[in-house]
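Here is the structure we will look at.
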There are 2 protein chains.
Amino acid sequence: MSKCESCIVREFNALKSLTREELMRVSACKTAKIFRKGHVIFEEGETLNGVYCVKSGVCKLTKMSENGKDQVVKLVVKGGLLGKRSLVTEQKTNLSAVALNDMEMCFVPKSEIMDDLNKNPKFTMDVLKTMAEDLKDSDESLVNMAQKSVKRRMAEILMYIHDNFGTDDDGYLSIVLSREDYASIVGTATESAIRILSQFKKEDIISTSGKRIKIEDYHSLKWME
Amino acid sequence: MSKCESCIVREFNALKSLTREELMRVSACKTAKIFRKGHVIFEEGETLNGVYCVKSGVCKLTKMSENGKDQVVKLVVKGGLLGKRSLVTEQKTNLSAVALNDMEMCFVPKSEIMDDLNKNPKFTMDVLKTMAEDLKDSDESLVNMAQKSVKRRMAEILMYIHDNFGTDDDGYLSIVLSREDYASIVGTATESAIRILSQFKKEDIISTSGKRIKIEDYHSLKWME
DNA sequence: AATAAAATATGATTTTTGTCAGGTTTTTTT
DNA sequence: AAAAAAACCTGACAAAAATCATATTTTATT
């Protein structure tokens, strides 16, 4: 198995239902692409004709609000897929994708996958499962956004990043975000995000080194009112 | 075609891909149920073994937040389906469903649909499409919740109900919600919801009669800062 | 119809969050 | 290495929203 195959398979378990031949074919027509930090992979309103699979690096999926502020909807890392919706609908994408650091991605044209999607019910069912999971996560996010304070939301995104994407050798969160990104995930003003992180620092809940953040007291984050 | 068939078909267009025979079979094993206003149809954490299709009435899908407040995630009316996710995953439902007025529903056991879902790729593909649409709506809601003021969100839910569920003969919104429900949709305190609606009344943007609300000045709602 | 209960309403106050304005530090470019 | 740009930080204040307390109205129950 090529490296890309295993990459897609690992996280997007929908692809695990493809037969060996199907998988080989999909894998064969992939196109590797490199995106530099800050690069826009696609933008809200574009028509996507395939999915991107993340081989390395991290990107954010954002949506522009009417007030002109970007809202981060999701972070996507190694093995994650961008543009899933494009497989299913002809509609333009509702999200933008921006690389948060240098990224390697595979692009798989829609045409290659559609055939399997139409003929292999098990495969379609598995795609359905991942989408149902996304939907559940989305409900969760909505409730968090609606019912929790900015401070609580900040605490949770720190723990989320810690738990899902891990830390580097020095114990710093392995995903490095700007304060503006934090604000845009939590859904608050940049100054408010900065202020809260400063407060956490004062209370020795986190420490920082430039943009990098280390969680010093997970317990306090978890049980913060 | 029986009444129920056409009901399911009308809104859940996923079912339109079923063959005539498949549809007849599904339709045959449905169970009609009545739920009174306030009745809990199912609760977060329950295992669902089928989907409910709304024949008449309205219900809310809610999720409990850690702070103990319910958040309304979605309103479902005639033709809408509850428990879609249960078709796809073995997991317990992440939402509760509560009737907002008297409701008539059809229950279709999972076992009946699963067969079609596994064998009819076009059907599965259509379910996939509705789920992708749900996901898009969900992204939209998240951004609204994160970036807009409570007042703006209240204005939007009023317009949403007006546009999607219409008005009665007197011009009042045909879905009648308690102030607490409004608060729980908008994601705010009940008092805040009441206060904002009172303010709209003072500004002659809406008028009320008991719980019922009539939009008097749609334009003001739309262009409210 | 009287009573009780629930929902709605409003004032007063506090807490949270946003905005503006001015800094400093870090990063990038020249 | 210097200059410019971007990101970060903090204070002061304003605005938004939550909370608490207490009426009033509506709805349900006896």
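Each chain gets a letter, A, B and so on, in the order the sequences are listed, and its residues count up from 1.
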Name the residue from [options] that meets the salt bridge (charged side-chain N to carboxylate O under 4.0 Å, His left out) definition with [X].
X        : options                      : answer
A/Asp102 : A/Lys37, A/Arg36, A/Lys33    : A/Arg36
B/Glu225 : B/Lys151, B/Arg152, B/Lys148 : B/Lys151
A/Asp134 : A/Arg85, A/Lys129, A/Lys84   : A/Lys84

Where chain A begins and ends its contact with DNA chain C, read 5' to 3' at 4.0 Å from heavy atoms:
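Contact span on the strand: C/dT17 to C/dC20.
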Do NZ/NE/NH1/NH2 and the carboxylate oxygens of [X] and [Y] come within less than 4.0 Å?
X        : Y        : value
A/Asp168 : A/Arg212 : yes
A/Lys63  : A/Glu44  : yes
B/Lys136 : B/Glu140 : no

For A/Tyr172, all residues meeting ring-ring contact (aromatic ring centres under 6.0 Å, His included), sequence neighbours excluded
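Result, ring-ring contact (aromatic ring centres under 6.0 Å, His included) vs A/Tyr172: none returned.
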Checking salt bridge (charged side-chain N to carboxylate O under 4.0 Å, His left out) for the pair A/Glu191/A/Arg195: CA distance, chi angles, key distance, verdict?
CA-CA 6 Å; A/Glu191 295 96 321; A/Arg195 224 179 286 275; over 6 Å; no
Boundaries of the chain B footprint along DNA chain D (any atom under 4.0 Å from a heavy atom)
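Range of nucleotides within reach of chain B: D/dA17 to D/dC20.
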Assign B/Lys202 to base, sugar-phosphate, or nothing according to its heavy-atom contacts below 4.0 angstrom with the strands shown.
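Counting heavy atoms under 4.0 Å across all strands, no contact is made by B/Lys202.
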Does any part of the side chain of A/Leu197, heavy atoms only, come nearer than 4.5 Å to the side chain of A/Ile206, both counted from C-beta?
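A side-chain contact under 4.5 Å exists here.
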Starting at CG of A/Leu142, measure out to CD of A/Gln147 and round the result to the nearest 0.5 Å.
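So the gap between those two atoms works out to 9.0 Å.
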I need the A/Cys59 SG to A/Met105 CE distance, nearest 0.5 Å.
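Atom-to-atom, A/Cys59:SG and A/Met105:CE are 5.5 Å apart.
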Donor-acceptor pair, B/Ser65 side chain versus A/Val143 backbone, under 3.5 Å?
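It does not hold such a pair.
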Who pairs with A/Val98 by side-chain contact (heavy atoms from CB on, under 4.5 Å), at least two apart in sequence or on another chain?
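Result, side-chain contact (heavy atoms from CB on, under 4.5 Å) vs A/Val98: A/Val40, A/Lys60.
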Got a sec? Which of residues 179-198 of chain B come in under 4.0 Å of DNA chain D, heavy atoms?
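Listed by number, they are B/Thr188, B/Ala189, B/Glu191, B/Ser192, B/Arg195.
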Axis bend over the full length of the helix from C/dA1-D/dT30 to C/dT30-D/dA1, computed from five pairs that close each end, to 10 degrees:
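Both end axes considered, the difference amounts to 50°.
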Using heavy atoms to find the nearest nucleotide of DNA chain C for A/Lys211 and A/Lys148 separately, return the residue whose nucleotide is more 5′.
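This one resolves to A/Lys148.
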